[in-house]
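Below is one structure, written out as structure tokens, with a few remarks after it.
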Amino acid sequence: MVAETHASEHIAELLVHLGRAAGSEDGSSDLTPAQWAALRFFARANDSTRTPSAFADFQATTRGTASQIIKSLVRRGLIVRTMSSTDKRSVRLDLTSAGRALLAQDPLFSLIGVIAALPAADRARFVGTLSHLASEVASLRHKPTFGTCLDCSHFLPSNSGGSCGCMAAALAADQTIQLCGSYRGPSTPYGEHHGRP
């Protein structure tokens, strides 16, 4: 039992350490880790999820903290606010060309490269396990879980991409790999993964 507890603590510590080490700056930019996380989020999220509140939920932070991060990126010209055409109280956040150019220098690319070198089966098991952990922690904290359509129980695949059963909307192929705040994980055992490796 002691060994099992130690192993669980060790895995948790490694995950936290890996996240910090992979996101640490190499001196090429003066963005904070939270600002990098915001750029990544708004680059990967679908239209309905590119909102300040969804970003706050994704980062597990307060609305106030998320708002300050967003304001700093807007001031720097890296993201832009767009008012919703259907709901004037709602705003969508998009990367500018400068934001996309900076994201091409993301310090996370070193970790992405290391992961890409793993065998496909290992990557598939790894993403399944990590998705399960993220869902469980979010559930314990009564927070939403984020994921992509390809791994979502609302997703109905088709030749052209698919459709979302939750939003009752057709999805193009490139939309199926975007982050969504309406995500619901499939009811499969952890470690199994039916999306991309």
Side-chain angles (χ1 to χ4, degrees), residues 18-116 127 130-131 134 138 143-152 154-155 160-164 166-167 169-183 195-196:
L18 184 59
R20 287 187 178 146
S24 65
E25 273 302 306
D26 60 3
S28 62
S29 148
D30 62 349
L31 289 189
T32 66
Q35 290 170 324
W36 277 113
L39 283 184
R40 287 181 206 115
F41 177 80
F42 293 120
R44 287 207 55 221
N46 65 20
D47 286 354
S48 66
T49 306
R50 287 198 305 272
T51 66
S53 59
F55 172 63
D57 286 339
F58 183 78
Q59 279 294 98
T61 191
T62 65
R63 302 290 192 264
T65 298
S67 177
Q68 291 306 310
I69 294 166
I70 291 165
K71 284 178 184 175
S72 71
L73 294 173
V74 169
R75 278 194 305 270
R76 294 173 70 124
L78 300 175
I79 59 174
V80 63
R81 299 174 192 268
T82 305
M83 298 305 294
S84 169
S85 58
T86 56
D87 182 359
K88 297 301 180 190
R89 297 167 299 169
S90 181
V91 66
R92 190 185 76 212
L93 297 151
D94 298 298
L95 266 66
T96 62
S97 56
R100 286 189 293 276
L102 187 59
L103 195 57
Q105 304 165 34
D106 191 342
L108 204 59
F109 284 147
S110 58
L111 177 59
I112 292 168
V114 171
I115 293 169
V127 77
L130 290 178
S131 295
K143 298 289 184 183
T145 303
F146 290 79
T148 65
C149 295
L150 289 178
D151 305 316
C152 183
H154 295 305
F155 180 61
S160 60
S163 62
C164 173
C166 176
M167 301 287 190
L171 298 165
D174 63 334
Q175 292 175 305
T176 64
I177 57 171
Q178 294 178 324
L179 287 175
C180 183
S182 300
Y183 171 83
R196 293 182 177 178

- Query: So how far is it from Leu103 CG to Gln105 CD, rounded to the nearest 0.5 Å?
  - Reply: 9.5 Å
- Item | For Leu73 against Ala38, the heavy-atom pair lying closest together | CD1-CB, 3.5 Å
- Query: Is it true that a side-chain atom of Thr148 and a backbone atom of Gln178 form a donor plus acceptor pair closer than 3.5 Å?
  - Reply: no
- Ser67 vs Arg63 side-chain heavy atoms within contact, under 4.5 Å: no
- Message: Quick one, Ile70 and Arg81 - any side-chain contact, counting heavy atoms below 4.5 Å?
- Response: yes
- Can you check whether Trp36 reaches Leu108 side chain to side chain, under 4.5 Å on heavy atoms? no
- Query: Hey, what do you get for CG (Asp174) to CG (Asn46), rounding to the nearest 0.5 Å?
  - Reply: 11.0 Å
- Task: Return the minimal non-hydrogen interatomic distance between Leu39 and Leu95, and the atom names on each side.
- Result: O-CD1, 3.6 Å
- Message: What I'd like to find out is whether the side chain of Thr49 reaches to under 4.5 Å of the side chain of Phe41, using heavy atoms alone.
- Response: yes
- Task: Mind listing the closest non-hydrogen atom pair of Phe42 and Arg50 along with its distance?
- Result: O-CD, 3.0 Å
- Going from CZ on Arg76 to OG on Ser72, what distance comes out if it is rounded to the nearest 0.5 angstrom? 7.0 Å
- Kindly indicate whether the side chain of Phe55, heavy atoms from C-beta on, has any atom under 4.5 Å from the side chain of Leu93. no
